[in-house]
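When a ligand or atom number is given, it counts from 1 through the structure's own listing order.
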Amino acid sequence: MNLILATTSPRRIDIFKMLNITFKVIPPNINENINEKNPEELVKKLSLIKAKSIKEKGIIIAADTIVYFNGKIFGKPKDYDEAYNMLKTLSANWHTVYTGVTILTENETITFCEKTNVKFKPLTDELIKYYINTSKPFDKAGAYGIQELGAILVEKIEGDFYNVMGFPISKVWDILWDRGIINASTGKTSGGWCGKTF
Ligand SMILES: Cc1cn([C@H]2C[C@H](O)[C@@H](COP(=O)(O)OP(=O)(O)OP(=O)(O)O)O2)c(=O)[nH]c1=O
């Protein structure tokens with residue numbers, strides 16, 4: 001069965017490659033500006049819209065990630081100033097990363113949200129400026145990438161690391177394994193990513 005990852009996120013592709021199964025990547029074609037203030041509902045709805053935007057037949061998996069702090073949703077920063085203000089606000093505080101996932105199979109629509117709490121160290125202006133200039137985190141929710149240099153901002157986390165990066169892969173695996181979508185043969189015979197389709 002065609003396994004399709006509906007994403008443009010290099011991080012999500014990297015995480016999925018860890019499973020060593022054959023899959024295709026097709027970019028979702030959606031408008032991410034929906035009017036939803038509840039973080040869990042927002043990421044679930046966006047992951048569903050992304051998955052449903054794929055017309056090709058197969059098992060379709062999509063995700064959406066935001067950072068949430070003090071009642072505010074932090075998406076991808078539009079510029080340097082927004083990235084600076086996000087990191088300044090998150091400094092020395094706990095925030096929550098919400099990732100919504102949708103898995104469309106032939107007869108099921110599975111949508112769930114996974115949360116990870118992240119505590120930042122106290123961040124000096126100098127470190128924040130260095131981080132943004134070095135990492136240019138404009139394609140990452142909350143203006144940081146925990147899997148890259150963003151690791152130096154983090155004091156500790158409670159929950160799934162990969163969920164912060166953009167994909168709670170352990171939970172996704174369980175859903176696919178429990179339904180026999182991934183099984184002993186696909187895990188052994190498939191040689192990983194079969195090449196991008198975009
Ligand atoms: C918090 C955090 C986010 N991110 C990334 C994951 C996502 O790529 C991005 C959140 O934006 P999303 O809108 O969830 O995803 P995307 O637009 O990059 O890709 P697509 O919608 O096509 O799947 O932030 C990290 O890479 N590391 C982190 O630590």
Return the closest protein heavy atom for atom 27 (N) of ligand 1 as residue, atom name and distance. Q147 OE1, 2.9 Å
More than 12 heavy atoms of other residues, nucleotides or ligands under 6.0 Å from NZ of K119: is that the case? yes
Between D139, T65, I61, V164, flag the one that comes closest to atom 9 (C) of ligand 1 by a heavy atom. D139
Check ligand 1 against D64 and write out every atom of the ligand that is under 4.0 Å from a heavy-atom position of the residue. 12 (P), 13 (O), 14 (O)
Got a sec: does the OH of Y80 have more than 12 other heavy atoms crowding it under 6.0 Å? yes
Charged N to carboxylate O below 4.0 Å: is that the case for D64 and K45? no
Over 12 foreign heavy atoms within 6.0 Å of NZ, K72: no
Would you say A141 has any N or O atom under 3.5 Å from an N or O of ligand 1, going by distance alone? yes
Please confirm whether F16 and F167 have ring centers closer than 6.0 angstrom. yes
Identity of the nearest option to atom 6 (C) of ligand 1, non-hydrogen atoms only, from H95, M165, K50: M165
Any atoms of ligand 1 less than 4.0 Å from a non-hydrogen atom of T7? List them with their elements. 19 (O), 20 (P), 22 (O), 23 (O)
Mind checking whether L19 and V25 sit in one hydrophobic cluster, side chains of I, L, V, M, F, W, Y counted as touching below 4.5 Å? yes
Proximal ligand 1 atoms for G145, defined as those under 4.0 Å from one of its heavy atoms: 27 (N), 28 (C), 29 (O)
Have a look at T102 and tell me which of I49, T111, I60 forms a side-chain contact (heavy atoms from CB on, under 4.5 Å) with it. T111
Least distance between heavy atoms, L176 atom then I103 atom: CD2-CG2, 4.2 Å
Please could you name the atoms of ligand 1 that I146 approaches to less than 4.0 Å, counting only its heavy atoms? 27 (N), 28 (C), 29 (O)
among protein heavy atoms, the one nearest atom 17 (O) of ligand 1 is K76 NZ, 2.6 Å
Can you tell me which residue and heavy atom of the protein come closest to atom 18 (O) of ligand 1, and the distance to 0.1 Å? S9 CB, 3.8 Å
Taking atom 15 (O) of ligand 1 as the reference point, the nearest protein heavy atom with its distance: R12 NH1, 2.9 Å
